[in-house]
Amino acid sequence: MEALFSFVLEAENPKTQLISIDERWYRNDLEKAFQPGELEKLRRSFANGELVGVRFPIDIVRKDGKIEKTEVRGYLKKPAQLSRGRITTSEAGSQCRRNPSSVTETHLAF
């Protein structure tokens with residue numbers, strides 16, 4: 001739980017750099033929504049264990065038809081214990097010892 005709070009505090013830090021992408025990102029290939037070089041920079045930063053953030057602009061249509069422009073922010077950080085595409089945590093391990101049938105395995109692809 002402590003790692004989660006740490007992550008949230010880091011993401012909410014005003015010094016955390018967010019990359020804004022094209023407002024039509026959901027209509028096209030997501031990779032084309034980034035400015036040249038930005039996606040590669042994100043990948044390198046993520047691989048180095050840095051927090052990366054992307055600002056996804058969205059339109060919300062209200063019941064009265066008015067369009068509100070807003071954004072969704074997405075943050076990712078490679079966990080220190082990531083190994084071969086799997087995450088293991090002490091919480092999952094202790095849960096497994098108490099009730100092995102309740103644990104699911106998480107796989108991440110990068």
Side-chain angles (χ1 to χ4, degrees):
M1 190 61 85
E2 189 175 313
L4 174 62
F5 289 123
S6 244
F7 176 81
V8 170
L9 288 174
E10 188 175 359
E12 289 300 313
N13 185 333
K15 293 180 182 176
T16 299
Q17 190 173 8
L18 282 167
I19 292 179
S20 294
I21 62 173
D22 185 271
E23 64 182 27
R24 295 176 308 273
W25 63 270
Y26 56 90
R27 294 184 185 129
N28 302 315
D29 180 5
L30 183 58
E31 289 192 17
K32 293 178 183 174
F34 290 88
Q35 294 294 321
E38 284 185 331
L39 189 56
E40 222 19 74
K41 179 183 170 187
L42 278 175
R43 287 180 175 145
R44 276 193 310 274
S45 295
F46 179 82
N48 290 331
E50 298 171 31
L51 178 74
V52 296
V54 178
R55 184 178 289 124
F56 297 91
I58 60 170
D59 293 341
I60 296 177
V61 181
R62 303 180 91 179
K63 287 183 181 180
D64 63 4
K66 183 179 177 186
I67 296 175
E68 294 276 338
K69 293 201 174 284
T70 189
E71 64 188 35
V72 173
R73 297 175 188 171
Y75 299 92
L76 287 174
K77 185 173 184 178
K78 181 177 169 182
Q81 67 271 30
L82 186 62
S83 172
R84 295 186 187 169
R86 296 180 183 196
I87 298 176
T88 49
T89 66
S90 58
E91 182 179 329
S94 64
Q95 183 180 3
C96 182
R97 285 188 289 279
R98 289 192 307 271
N99 186 1
S101 64
S102 69
V103 176
T104 58
E105 197 169 328
T106 302
H107 297 272
L108 300 177
F110 302 98

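- By the salt bridge (charged side-chain N to carboxylate O under 4.0 Å, His left out) test, Arg27 is found to be paired with no residue, residues two or more places apart in sequence or in another chain being considered.
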Identify all side-chain donor-acceptor contacts of residues 28-41 below 3.5 Å with residues at least two apart in sequence or on another chain.
residue : atom : partner : partner atom : Å
Asp29   : OD1  : Glu31   : N            : 3.3
Glu31   : OE2  : Arg43   : NH2          : 3.3
Glu38   : OE1  : Gln35   : N            : 3.2

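- Residue pairs meeting the side chain to side chain donor-acceptor pair (under 3.5 Å) criterion with at least one partner in residues 1-14, sequence neighbours excluded, are Glu10-Lys77.
- Residue Val72 is grouped with residue Leu76 when hydrophobic side chains (ILVMFWY) are merged at heavy-atom distances under 4.5 angstrom, including chains of intermediate members.
- Each of Leu9 and Leu4 belongs to its own hydrophobic cluster when Ile, Leu, Val, Met, Phe, Trp and Tyr are linked at side-chain heavy-atom distances under 4.5 angstrom.
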Residues 55-65 side chain polar contacts: donor-acceptor under 3.5 Å, at least two apart:
residue : atom : partner : partner atom : Å
Arg55   : NE   : Glu71   : OE1          : 3.1
Arg55   : NE   : Glu71   : OE2          : 3.2
Arg55   : NH1  : Ser20   : OG           : 2.9
Asp59   : OD1  : Lys69   : NZ           : 3.2
Arg62   : NH1  : Glu68   : OE2          : 3.4
Asp64   : OD1  : Lys66   : N            : 2.9

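- For the atom pair Glu50 CD and Asn48 CG, the distance stands at 5.5 Å (nearest 0.5 Å).
- With sequence neighbours excluded, the residues satisfying side-chain contact (heavy atoms from CB on, under 4.5 Å) with Ala11 are Leu51, Tyr75.
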